[in-house]
Amino acid sequence: MAVKDYIRERFFPHIWCQGCGHGMVLNGLLRAVEALGMSKNEIVMVSGIGCSSRISGYLDFHTLHTLHGRALAFATGVKMSLPALNIIVPMGDGDALAIGGNHFIHAARRNIDLTAIVMNNRIYGMTGGQFSPLSGYGTKETTAPYGNIDHTFDISALSIAAGATFVARTTAFHVQQLSQLIKAGILHEGFSVIEVMSQCPTYFGRKNKLGGAVEMLRNFKEITTPKGSKAKQANPELIERGILHQIEQPEYCNAYEQMTALAQKGK
Amino acid sequence: MNANIKFVQGNEACVEGALYAGLDFFAGYPITPSTEIMEHLAARLPRQGGKFIQMEDEIASMCAIIGASLTGRKVMTATSGPGFSLKQEALGFAIMAEIPCVVVNVQRGGPSTGNPTHVSQGDVNQSRWGVHGDHAIVTLTASNHQDVFKMTVEAFNIAETYRTPVILLFDEVVGHLREKLVIPDEGEIPLVKRLRTAVKEGTDYHPYLPREDGRLPMSDFGSVHRYNVTGLYHDMWGFPTDDPKIVKGLQRHLVDKIESNAHQVQKYKEFYLDDAECILISYGSSARSALHVVKNRRLRGEKLGLIELQTLWPFPSQLIRERCEQAHYVLVVEMNMGQILREVKNAVNFPEKVFLANRIDGSLISDADIRNILRIIQGKGV
């Protein structure tokens, strides 16, 4: 199947601003799905609210566009009910980790087989540029006009600590790697987190004088390095890209099936 | 001894009713006084191949049952006041996206953490208007375990028929009281199956286009029709739109599908109404005390009658107006500050003759509480 066959063409052009990184994530996601040769009927895309969450409307899968922060809770219901389905959950940083933080850590802890793609543009874009938990200390947003005093956290470290069994990071600049990581995340049996650093030139870029989309993308190239690279040893400030963590743990739906078998034996 | 006779708590009667109705997915979060529902289902569902999950919070439980319902399962969650507040956002989503599901609220005293281990009927209006925006909802209740069972089955049937969430509003006394329950044989109570589309693969399927009879056939996630489900106003394919004509049409549809079928879902019981001069109106555990008073007074020749409401929303205004027409006065018996009283006053032609016997201290309203108000109304002093 060609990439084009996976999209709902009548909804294009998309709503994202010029230069937004989310379209690149969509591209990487589609190439991953195509490479895996997945059928459209076996994929359910569950999203929350925000710029990133609109991705679901453009794709010809079973799509569930839910509430702000709650996508993983809905997705848990779908997956638990019908484990044969592949569930992909595109999320924004605020969606996943502010209002949805509780659902995020618990989906990770359960190790339920969902693929969460966190499109981290460090801002609430849909509402016009307020700071998110990923904006970072000292950045400027409409709700932090004098500089943000909220500290950020590391999505990947948080995911690992919460129990996610596949954690990867890349950027909108590294589209090939993005596609590879999403593919690996879908194939991984368990809760997978793929953090994608994505640019929002309209709000985060403008407010923080980071230039346009091209400058922001170039910056992603400069501040990141492949995991385990020599560059990282020389410059610990660099952010690592690639699969950061992958372990085998009992997957939730499988564990449920085993528990069920036990319950039925004891009947 | 009949194996179908059980001596159980009301919460367990609800579990039996739900399983009889075909419940096969439950998500919940522990909260007094509803917890026994999830405890029993944690044991029962895995044994019969159903799914049970304890979620991280009340919000997530409500979201999870919506997701599971979309795959074709019959779903339920159970909670009490604070949890019911948390579920409102996703309950609104289920109303907007027209997802069949059942939400149990075993009421305790509120607001806030309130009076967790004591009875109340304070969430009557929350069950009607807890969700933001205009909408319609079905709320059922019951006063005894046989009716808890029956209303639970009814809730699933209504949810499937109208593609809507249905709220089961029980209370702590009914939930925790132990009494006899006779489980009906299979087929004794008709069950409504999910209406699925007959549209073939490759043909355009409209998940949100009502048939002539108003029903909307569904297609399970994972099967051949791929469509969108959203909490936004949406077109007949489920895609977001703000087209004023479509917005207005959907808003009307969401309200009309319940309101225009109100008579189909309005369940009630009546006792000694034919010649009643004084009519008591009650529901839930309050109705047990009300019935006790009515029966005793009848023995003394006093013409008292009782309407026991089993559907609280849509409120049966017409029924109340008609049945109370000949009454000298009406006494609403409930454990809140007059939430159904207000509806009754609005329904009847003589609101000045409608009185309230209530209790709001966490104790079950007693026959003495009701008798005291009757004395005042009847001019016999305090």
Side-chain angles (χ1 to χ4, degrees), chain A residues 8 10-11 15 40-47 49 53-54 56-57 59-87 99-100 102-107 109-110 112 252-253 256-257 259-267, chain B residues 24-27 42-75 77 89-94 96-97 99 101 201 207 219-232 234 237-240:
Chain A
R8 290 166 172 155
R10 67 188 173 105
F11 296 111
I15 63 156
K40 296 193 279 190
N41 285 341
E42 63 175 310
I43 303 176
V44 180
M45 179 162 276
V46 187
S47 64
I49 295 293
S53 300
R54 288 303 185 97
S56 59
L59 297 175
D60 191 17
F61 307 139
H62 303 282
T63 52
L64 178 53
H65 176 232
T66 70
L67 300 164
H68 196 26
R70 317 289 174 222
L72 287 170
F74 283 87
T76 297
V78 176
K79 181 70 183 179
M80 178 76 176
S81 179
L82 215 52
L85 295 171
N86 284 293
I87 320 277
I99 193 164
N102 200 32
H103 309 307
F104 188 86
I105 58 172
H106 289 281
R109 178 181 58 78
R110 279 187 199 103
I112 186 163
Y252 193 77
C253 299
Y256 187 86
E257 286 312 312
M259 179 268 283
T260 298
L262 207 68
Q264 288 172 355
K265 217 189 284 173
K267 191 155 56 171
Chain B
D24 61 356
F25 188 102
F26 179 93
R44 297 282 292 277
L45 279 171
R47 284 220 301 266
Q48 54 187 69
K51 305 274 175 156
F52 170 91
I53 185 166
Q54 178 169 322
M55 294 297 287
E56 58 273 20
D57 60 31
E58 299 278 5
I59 299 168
S61 327
M62 188 66 214
C63 298
I65 65 165
I66 294 170
S69 185
L70 279 164
T71 69
R73 288 183 187 267
K74 285 194 175 180
V75 302
T77 184
E89 182 196 30
L91 183 60
F93 183 92
M96 178 60 106
I99 313 292
C101 56
E201 181 169 12
S219 175
D220 297 343
F221 268 19
S223 64
V224 296
H225 299 294
R226 296 175 304 277
Y227 58 97
N228 192 53
V229 177
T230 177
L232 290 162
H234 48 270
W237 293 276
F239 289 105

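In what follows, chains are A, B, ... by sequence order, proteins preceding strands, each numbered from 1. Side chains are part of it too, since the values below use all heavy atoms of this structure and drop only hydrogens, waters and symmetry mates.
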Looking at B:E89 and A:R70, is there a salt bridge between them, counting it only when a charged N and a carboxylate O are closer than 4.0 Å?
yes

Scored by heavy-atom pairs under 4.5 Å with chain A, the best of B:S61, B:A90, B:A60, B:G238 is B:A60

Open item on the list: Assess whether a salt bridge exists between B:K51 and A:E257, defined as any Lys/Arg side-chain N lying under 4.0 Å from an Asp/Glu carboxylate O.
Closed with: yes

Interface check, chain A: of B:D57, B:D220, B:L70, most non-hydrogen pairs under 4.5 Å belong to B:D57

Rounded to the nearest 0.5 Å, the CZ atom of B:F221 sits from the CG atom of A:L64 at a distance of 5.0 Å

Turns out that what part of A:L85 lies under 4.5 Å from chain B's heavy atoms comes down to side chain

The interface call for A:R110 against chain B, heavy-atom contacts under 4.5 Å, is side chain

To the nearest 0.5 Å, atom CD1 of A:I87 lies from atom CG of A:L72 at 11.0 Å

Output for pair (A:L67 CG, B:T230 OG1), nearest 0.5 Å, gives 9.0 Å

Assert top hit (heavy-atom pairs under 4.5 Å, partner chain A, pool B:F25, B:F93, B:F52) equals B:F93

Highest number of heavy-atom pairs under 4.5 Å with chain B among A:S47, A:S81, A:G69 belongs to A:S81

So, the part of B:S223 with a heavy atom under 4.5 Å from chain A: the answer is backbone

Scored by heavy-atom pairs under 4.5 Å with chain B, the best of A:D60, A:V46, A:L82 is A:D60

If one checks every heavy atom of B:A97 against chain A at 4.5 Å, the contacting part turns out to be neither

Of B:R73, B:K74, B:R47, the one forming a salt bridge (charged side-chain N to carboxylate O under 4.0 Å, His left out) with B:D24 is B:R73

In terms of heavy-atom pairs under 4.5 Å with chain A, the winner among B:C63, B:A68, B:G231 is B:C63

- Does A:F61 have its ring centroid less than 6.0 Å away from the ring centroid of B:Y227? no

Counting heavy-atom pairs under 4.5 Å with chain B, the top scorer among A:K79, A:H106, A:H103 is A:H103

If one checks every heavy atom of B:I65 against chain A at 4.5 Å, the contacting part turns out to be neither

So, the part of A:M259 with a heavy atom under 4.5 Å from chain B: the answer is side chain

In this structure, NE2 of A:H62 is separated from CG of B:N228 (nearest 0.5 Å) by 12.0 Å

Does A:R8 qualify as a cation-pi partner of B:W237, given the criterion of NZ or CZ under 6.0 Å from the six-membered ring centre and within 45 degrees of its axis? no

